[in-house]
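What follows is a set of notes on a single structure, which appears directly below.
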Amino acid sequence: MELLPLNYGNKTLPLKSTPSPKITCFRTIRACSPRQDLKGRTVAVIGLGISGKAAARLALARGASVVGIDQDESLSSLEHDPSFMALNSTGFKTVLGNFDWNLLKDADVVVVSPGVPLEKYGLSYLLQSGKQVMSELDFAAEALPKSVKILAVTGTNGKSTTVTFAGQMLNHFGIDTFVGGNLGTSLSEAAIQHVTLPAQECKLKVAVVEVSSYQMAIPCVYFRPSVSVVLNLTPDHFERHKTMLDYAEHKCRLFSHMTNAKLGLLSFGNQHLDEAVKKYWNKFNPAWIGAFPGLEIDTEAKIATFKVPDIGIESQLQLGSMRAMGKHNYFNAAVAALSVAGLDVGVHIEDINSTIEKLRPPPHRMQVVHKDIHGVTWVDDSKATNVEATYAGLMGLKGQKSVILLGGLAKVLVGQASNGFEELIEPLTGHRCVITVREMLLLDIFRGFRNHDSSGIVR
């Protein structure tokens with residue numbers, strides 16, 4: 001099979017054909033009712049955080065007997081949790097702390113929460129042995145109707161905002177949309193609605209899903225996005241991904257089950273993404289964030305231009321009416337608009353122009369919480385997860401007098417001398433006050449600010 005090349009202006013990077021990894025397809029034994037397709041089977045759910053609890057409830061709703069496992073003995077047993085009792089199921093038990101490994105060996109399906117590394121619980125061995133081991137994301141997608149179109153967004157920064165913007169755009173046009181995933185509400189919650197509600201009440205058309213690299217640790221089979229987006233890639237999560245290439249490969253698994261009729265958006269010019277995406281290049285229509293085919297943004301004119309001939313998109317988006325702070329949100333809005341148009345649900349980019357002034361970022365992400373009588377803007381950016389995200393937000397506050405709440409931790413590569421916080425000194429200089437919620441952030445920024453009398457630091 002001949003793979004299409006990556007084009008960088010006049011330079012062409014040839015791609016070599018890479019054999020697809022062998023994937024074991026499991027046959028699902030379905031009961032009489034399609035909504036009880038796991039009746040008579042046992043599902044073990046590992047990790048009982050938000051995603052794990054939702055997956056356990058979904059398994060119960062699908063008729064399975066469920067064992068919930070977590071090594072944290074301080075958790076409460078879930079047998080008497082109201083959300084589980086509402087399912088009227090007696091086929092559930094919680095195992096906390098040490099557990100009998102045979103619980104996994106004997107289970108028909110093992111569902112793994114994203115926070116659980118494959119090195120734990122013998123999961124790598126189970127995968128190699130042929131046991132049906134699934135991510136929560138894939139387990140949820142299996143239960144969704146095939147008619148539901150999935151927009152999947154990953155990347156190091158901007159995922160939550162882009163997903164939120166896309167959901168707001170779709171809702172504006174009256175399209176029943178689920179917005180969640182790594183954002184906070186598990187995809188399993190959408191699947192539970194489909195399984196438990198009468199068929200005529202389930203009107204879900206689109207699922208907009210924020211996807212983390214952890215959620216892609218186990219290759220998916222049923223999670224098949226109609227549109228996939230990798231916004232960017234900067235150093236992060238090295239406690240799980242030891243190299244940037246491994247991190248990129250997990251991100252690019254979004255493209256593994258797409259078809260040529262679908263749209264895939266990638267950040268332009270990232271060598272790690274370019275390498276990782278090679279094996280999927282024949283599975284989707286590629287477009288770039290920052291080049292054509294794809295989208296480019298004139299931040300001064302506040303206009304996004306889209307050119308994706310393969311799916312018939314050539315248009316512009318006016319961004320001047322945006323109320324969300326920061327030029328980085330021009331990119332988030334533009335990517336959301338192209339992604340929504342690529343879903344082919346009857347929404348065109350020209351129509352999306354009417355939604356721009358109504359877009360609101362998620363809470364705690366460059367959120368303006370107050371403007372006082374002295375002209376000082378109070379901004380909450382406590383959900384920023386790394387220096388790059390914080391820097392991008394702060395650049396949108398240039399020239400303003402602000403009190404800024406910051407959060408996040410440095411993500412330092414092995415052997416790297418700096419944690420990168422010095423990059424924040426210049427964009428923070430001149431603001432009224434900086435409030436930090438992480439001691440490491442406090443100390444590093446304070447060192448940079450100690451010679452600037454015009455700014456204050458409050459812990």
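Contact between Ala55 and Phe139 at its shortest, heavy atoms only, is O-CE2, 3.5 Å. The shortest heavy-atom contact between Val133 and Ile218 is O-CG2, 3.5 Å. The two residues Ser267 and Leu273 come nearest to each other via the heavy atoms CB-CD1, 4.1 Å. In plain terms, the two heavy atoms of Ser113 and Ser51 that are nearest each other are OG-C, 4.3 Å. The heavy-atom pair separating Ser213 from Tyr247 by the smallest distance is OG-CE1, 3.7 Å. Here the shortest heavy-atom pairing between Ala61 and Thr196 reads CB-CG2, 3.9 Å.
Of the listed residues (Asp72, Val95, Ile69, Thr94), just one forms a side-chain contact (heavy atoms from CB on, under 4.5 Å) with Leu48, and that residue is Thr94.
Using a distance-only test at 3.5 Å, with no hydrogens or angles considered, a donor-acceptor pair links the side chain of Thr156 to the main chain of Thr234. Panel note: side chain His272, backbone Leu233; no donor-acceptor pair is recorded below 3.5 Å. The backbone N or O of Asp246 lies less than 3.5 Å from a partner atom in the side chain of Thr243, making a donor-acceptor pair. For Asp372 (side chain) and Gly375 (main-chain N/O), a donor-acceptor pair under 3.5 Å exists by modelled atom type. Judged by distance alone, the side chain of Gln215 and the main-chain N or O of Ser212 form a donor-acceptor pair under 3.5 Å. Between the side chain of Lys149 and the backbone N or O of Asp344, at least one donor-acceptor pair lies under 3.5 Å. Checking side-chain atoms of Asn285 against main-chain N and O of Leu263 turns up no donor-acceptor pair under 3.5 Å. When atom types are taken as modelled, the side chain of Lys251 and the backbone of Gly155 share a donor-acceptor pair closer than 3.5 angstrom.
Residues meeting the side-chain hydrogen bond (donor to acceptor under 3.5 Å, both in side chains) test with Gln193, sequence neighbours left out: none.
Within the 4.5 Å cutoff, the side chain of Asn270 has no heavy atoms near those of the Asn232 side chain. Side chains of Arg432 and Ser402 form no contact here, defined as non-hydrogen atoms less than 4.5 Å apart. Contact of the His172 side chain with the Ser354 side chain is registered, since non-hydrogen atoms from C-beta on lie closer than 4.5 Å. Residues Val347 and Met169 are not in side-chain contact: their nearest non-hydrogen atoms beyond the backbone lie 4.5 Å or more apart. Side-chain atoms of Leu151 and Ser339, non-hydrogen and from C-beta on, do get closer than 4.5 Å to each other. The closest side-chain heavy-atom distance from Val379 to Val403 is not below 4.5 Å. Residues Val148 and His194 have side chains not in contact (no heavy-atom distance under 4.5 Å, counting atoms from C-beta outward). Here the side chains of Arg323 and Glu357 are in contact, with some heavy-atom distance below 4.5 Å.
Side chains of Lys371 and Thr377: no donor on one and acceptor on the other come within 3.5 Å. A donor atom on one side chain and an acceptor atom on the other are not found under 3.5 Å apart for Thr355 and Gln168.
Here Asn329 contributes atom CG and Leu359 contributes atom CG; the two are 9.0 Å apart, rounded to the nearest 0.5 Å. Considering CD1 of Ile349 and OG of Ser315, their distance stands at 5.0 Å, rounded to 0.5 Å.
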Given the rule in the side-chain contact (heavy atoms from CB on, under 4.5 Å) test, do Tyr121 and Gln71 qualify, once you have shown the distances and angles that lead to the verdict?
-> CA-CA 10 Å; Tyr121 299 95; Gln71 288 185 331; 3.0 Å; yes
Given side-chain contact (heavy atoms from CB on, under 4.5 Å), test Ser256 with Cys220 step by step and report yes or no.
-> CA-CA 8 Å; Ser256 61; Cys220 291; 5.6 Å; no
Show your reasoning for whether side-chain contact (heavy atoms from CB on, under 4.5 Å) applies to Met134 and Val110.
-> CA-CA 6 Å; Met134 306 176 72; Val110 177; over 6 Å; no
Under the side-chain contact (heavy atoms from CB on, under 4.5 Å) rule, what do Phe223 and Ile150 come out as? Steps first, then yes or no, please.
-> CA-CA 8 Å; Phe223 187 71; Ile150 295 175; 3.8 Å; yes
All N/O donor-acceptor pairs, side-chain side in residues 295-306, below 3.5 Å, sequence neighbours left out:
unit_1: Asp298; atom_1: OD1; unit_2: Glu300; atom_2: N; d: 3.1
unit_1: Asp298; atom_1: OD1; unit_2: Ala301; atom_2: N; d: 2.9
unit_1: Glu300; atom_1: OE2; unit_2: Lys327; atom_2: NZ; d: 3.2
unit_1: Thr305; atom_1: OG1; unit_2: Gln316; atom_2: NE2; d: 3.2

Show me the donor-acceptor pairs within less than 3.5 Å that the side chains of residues 175-182 make with the rest of the protein, sequence neighbours left out.
unit_1: Thr177; atom_1: OG1; unit_2: Ile175; atom_2: O; d: 2.8
unit_1: Asn182; atom_1: ND2; unit_2: Glu210; atom_2: OE2; d: 2.8

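Ring geometry for Phe284 against Phe255 counts as parallel: the plane angle stays under 30°, on a 0 to 90° scale with 60° as the upper cut.
A salt bridge links Arg62 with Glu142: the closest approach of a Lys/Arg side-chain nitrogen to an acidic carboxylate oxygen falls below 4.0 angstrom.
The 12-atom threshold is not exceeded at NE2 of His80, counting heavy atoms of other residues, nucleotides or ligands nearer than 6.0 Å. For CD1 of Ile50, the number of neighbouring non-hydrogen atoms (other residues, nucleotides, ligands) closer than 6.0 Å is 12 at most.
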